[in-house]
Amino acid sequence: MTTLLERPSKAAAGKTRPPYRLTAILVGLFFIIGTAAGVGSVIAGNSILTSADPVAEAVSSPNQLIAGGVLVLVMGFPLAMIPILMYPLFRRYNEVLAMGAVLFRGILEAVAYLALALSMFLIATVGTGLAAAETESWSVALLGFNDWIEVLLAIVFSLGAILLGWLFYKTEIIPRWLAIWGLGGAALYFVAPFIVMFDIHNLELSLTTGVGLWLAPLAIQEMVFAVWVIVKGFRQEAVERLVGS
């Protein structure tokens, strides 16, 4: 059974195309859009959140931090849609793992992105009042909340990436070297937050320097993957084997 996305239109009657070609293109585009928005959110927000006095910086440049939060939301939606788009195909291999990918890389990751964006909005809007009242404890708590959300997001994201990588590897709808690269990158990224969370006094610095470096192999793999599936699509023989199973 094909998904609604794959159902041919009347105009396309009589023509054939590789199965799940549209899904491959959308998945690739969503990876690119999500990554671009994520880079933009880091550029907009990190200069404030990693400064010597983040609250003072947020008070002087609130729109910059709000823009970073908006970009987090823009990043979250397309990335959360990827396992949903892949579910009809992955479930033919293993429905439990396919649902796990939807849960971690879709639902929980989207919730974490919402919480991260909300924390950035709060720092930007409430920061002015906190600074005026000189309530240092609330400022620290607000910034700490943002840091811990980033840690939890890294854990959820990497678990979802491991599930996706395993499903891509086992279904063979992309080259196995590309799937193994993704699995290795996701495993590295999964370790990072557990290392930095115990450096609580330097959590923001650890998140910026440590987690960012450990994410690099997966981030590069996702862009290679995105271009690959947009240009070449999924491996037709592997898709037909799954669909026919």
Side-chain angles (χ1 to χ4, degrees), residues 1-36 75-110 155-191 215-245:
M1 181 184 296
T2 58
T3 65
L4 183 59
L5 284 174
E6 303 303 325
R7 191 174 297 165
S9 64
K10 292 181 180 179
K15 298 180 180 180
T16 60
R17 67 180 179 187
Y20 290 88
R21 185 69 181 100
L22 179 56
T23 299
I25 293 172
L26 288 175
V27 167
L29 288 175
F30 282 171
F31 264 121
I32 292 172
I33 293 170
T35 301
M75 168 177 59
F77 175 74
L79 293 183
M81 284 298 297
I82 290 169
I84 296 173
L85 285 172
M86 292 303 305
Y87 177 77
L89 190 55
F90 282 156
R91 69 184 292 271
R92 295 177 178 276
Y93 166 70
N94 188 304
E95 189 164 4
V96 174
L97 291 179
M99 280 299 300
V102 171
L103 175 62
F104 282 96
R105 194 66 200 266
I107 299 170
L108 293 180
E109 187 176 323
I155 294 172
V156 170
F157 180 95
S158 56
L159 282 173
I162 289 171
L163 286 169
L164 282 180
W166 181 253
L167 286 165
F168 278 120
Y169 175 79
K170 294 300 290 185
T171 58
E172 300 183 57
I173 61 175
I174 63 172
R176 281 199 157 181
W177 63 265
L178 189 54
I180 292 171
W181 182 2
L183 272 171
L188 282 176
Y189 191 36
F190 178 72
V191 172
L215 175 60
L218 179 60
I220 296 171
Q221 185 271 349
E222 287 186 346
M223 290 303 93
V224 173
F225 166 87
V227 174
W228 182 283
V229 295
I230 288 173
V231 174
K232 294 198 170 187
F234 299 134
R235 295 177 62 241
Q236 186 171 350
E237 62 274 19
V239 171
E240 290 175 346
R241 184 169 62 250
L242 281 173
V243 173
S245 61

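FYI, side chains are in, hydrogens and waters are out, and symmetry mates aren't considered; it's all heavy atoms of this structure.
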Once rounded to the nearest 0.5 Å, what's the spacing between atom [atom1] of [X] and atom [atom2] of [Y]?
{"X": "Tyr189", "Y": "Ile155", "atom1": "OH", "atom2": "CD1", "result": "10.0 Å"}
{"X": "Leu164", "Y": "Leu159", "atom1": "CG", "atom2": "CG", "result": "11.5 Å"}
{"X": "Ile25", "Y": "Leu85", "atom1": "CD1", "atom2": "CG", "result": "12.0 Å"}
{"X": "Glu222", "Y": "Leu215", "atom1": "CD", "atom2": "CG", "result": "7.5 Å"}
{"X": "Leu26", "Y": "Ile84", "atom1": "CG", "atom2": "CD1", "result": "12.5 Å"}

Non-hydrogen side-chain atoms of [X] and [Y] separated by less than 4.5 Å:
{"X": "Leu79", "Y": "Ile82", "result": "yes"}
{"X": "Trp181", "Y": "Val224", "result": "yes"}
{"X": "Arg176", "Y": "Tyr169", "result": "yes"}
{"X": "Thr23", "Y": "Leu89", "result": "no"}
{"X": "Ile162", "Y": "Leu183", "result": "yes"}
{"X": "Leu188", "Y": "Leu218", "result": "no"}
{"X": "Met86", "Y": "Val27", "result": "yes"}
{"X": "Phe168", "Y": "Phe234", "result": "yes"}

Smallest separation among heavy atoms of [X] and [Y], with atom names:
{"X": "Met223", "Y": "Phe31", "result": "CE-O, 3.5 Å"}
{"X": "Ala24", "Y": "Gly233", "result": "CB-CA, 3.9 Å"}
{"X": "Leu242", "Y": "Arg92", "result": "O-CD, 3.5 Å"}
{"X": "Ala101", "Y": "Pro83", "result": "O-CB, 3.6 Å"}
{"X": "Glu172", "Y": "Ala238", "result": "O-CB, 3.2 Å"}
{"X": "Thr171", "Y": "Leu167", "result": "OG1-O, 2.7 Å"}

### Query
Side chain of Glu109, backbone of Gly76: donor and acceptor closer than 3.5 Å?
no
### Task
May I ask you to check whether Trp228 and Trp177 place their ring centres under 6.0 Å from each other?
yes
#### Entry: The single option from Val102, Leu103, Leu97 passing side-chain contact (heavy atoms from CB on, under 4.5 Å) against Leu163
Leu97
### Message
Salt bridge or not between Arg241 and Glu237? Use side-chain N to carboxylate O under 4.0 Å.
### Response
no
#### Entry: Other residues, nucleotides, ligands: >12 heavy atoms within 6.0 Å of Met99 CE
no
